[in-house]
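Let me begin by handing over the structure; questions about it come next.
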Amino acid sequence: MRDRIVEIGARDWHAPGSDPAWIAAVEDGKVLYFPQLAFALSGGETALLKPDLLAPGVRNISWDAQRGLKGAAGEGPVQEQVTALVSRFAAQATALVNALFPAYAQHLRPAPTSLRPTSVSNRQQSVRADDRRLHVDAFPSRPNRGERILRVFANINPHGEARVWRVGEPFGDVARQFVPRAKPYSAWQAKALNTLGVTKSLRSEYDHLMLQIHDRMKADEAYQRDCPQLRFEFPPGSAWVCFSDQTVHAAMSGQYMMEQTFHLPVGKQYNPDASPLAILGRLAGHPIT
Ligand code: SIN
Ligand code: FE
C-alpha cells in the first residue's frame, strides 16, 4: 500500500520539476506527496488561524476571483488579509499543477479555493456525508459525466498537528467489488431527479455508478475496517495532490488546511484509459457517459 503515495522532494510551487512517472502515478489514483512544499504564511496570517476566523454557521472559507471571499468572520482588514492568503494559494496551486502536468494547463477549470479551519475529528454527520469513511469523491447534486476532480491540499496547521488520512486500494479493485452490487441505472429516474431539482443536471450512468460506489463503500463497515489501506500523516508544511474521484481516501483528523480543486475534461488526461470513466465502462461492458 505504501506505493499508493509517491513522495516528491520539490520545494518551489512554481518549479516542482516534472516527471512522466509522477503523471502516470497521479492518473493511476496515487497521491503525490510533497513533504517540503510548504505554503508559507506571514506571522500576521498565522495569527488569523483561530476557530473564530469562520463566520457563524459555515464550515469553510472560500474564494474565487469573480465572487470574492465567503465565510470569513471579521472586519475589512481581516477580510483583506484572508483574501490575500487564499488567492495566493489559488495562484500557487495553479502554478504547481501547470508545471507538474503541462498538458492539462489549458483545460483546467478551477473551483473556488478553500481554507478549512474546522477540526475533522469533531464533525458529526450521516454515514453518507462522513468523510472519515473511505470513499471516492462523488456528489449527489452535481453530476459531472466523468469530468475529473484534481485536488491540491496543503496543511497549514499552526500547532504542529498533522492532517491524517487513510488511503485505500486502487480504484479498479474497489469498482470490481462494488459495481456488481450497484443498483442498475435508470434513465427515467435520472430525469425525474433533474426535473425535481435534486440534481443540477442530468445524472448519467457514470454519475450513478460513482455515487453507488461512494455510498456503498462508506456504508460497508467490514470493508472500511478490513480493506487494504494505509494510514498517512501529512504534517504542517507539506502539500499533496490527487484525483479525489479516483483515490480512495478518508480524512481522520487535522485542522487548518488549504484546498484547491480543478476540473479536467476526461479526454484531456495523458491516458484517458486510466480514468474512472474508462474503468467503469470496461466493467459495465459498454461505454458509459
Ligand atoms: C475529503 O475530501 O474527503 C476530505 C479531505 C480532508 O478534509 O482532508
Ligand atoms: Fe473526499
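Remember, it's 1-based here, ligands and their atoms both numbered in the order they're listed. Everything numeric here is computed off the predicted structure, so don't read it as measured data.
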Shared hydrophobic cluster for L54 and W63 (ILVMFWY, side-chain gaps under 4.5 Å): yes
H135 atom NE2 and H249 atom NE2 as seen from the Fe ion (ligand 2), angle to 10 degrees: 90°
E259 contact mode with ligand 1 (heavy-atom cut-off under 4.0 Å): neither
In one Ile/Leu/Val/Met/Phe/Trp/Tyr side-chain cluster, 4.5 Å: L202, L280: no
H249: numbered ligand 1 atoms lying under 4.0 Å from its heavy atoms: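 Those of ligand 1 that fall under 4.0 Å from H249 are 1 (C), 2 (O), 3 (O).
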Any side-chain heavy-atom pair of E80 and T83 under 4.5 Å: no
Distance filter under 4.0 Å to A251 heavy atoms, resulting ligand 1 atoms: 4 (C), 5 (C), 6 (C), 7 (O), 8 (O)
Side-chain donor-acceptor contact under 3.5 Å, R148 with Q246: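 There is such a pair (donor and acceptor under 3.5 Å, judged by atom type) between the side chains of R148 and Q246.
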Min heavy-atom dist R116 to ligand 1 below 4.0 Å: yes
Atoms in ligand 1 flagged as close to M257, the criterion being non-hydrogen separation under 4.0 Å: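 Near M257, meaning under 4.0 Å from one of its heavy atoms, ligand 1 has 6 (C), 7 (O), 8 (O).
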Under 3.5 Å side-chain donor-acceptor pair for H286 and E205: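 The answer is yes; a qualifying pair exists.
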Atom name, D137 (N, O or S, nearest to the Fe ion (ligand 2)):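 It is OD1, the N, O or S atom of D137 closest to the Fe ion (ligand 2).
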Modelled atom types, side-chain donor and acceptor of R216 and Q177, under 3.5 Å: no
N, O or S of D131 under 2.8 Å from the Fe ion (ligand 2): no
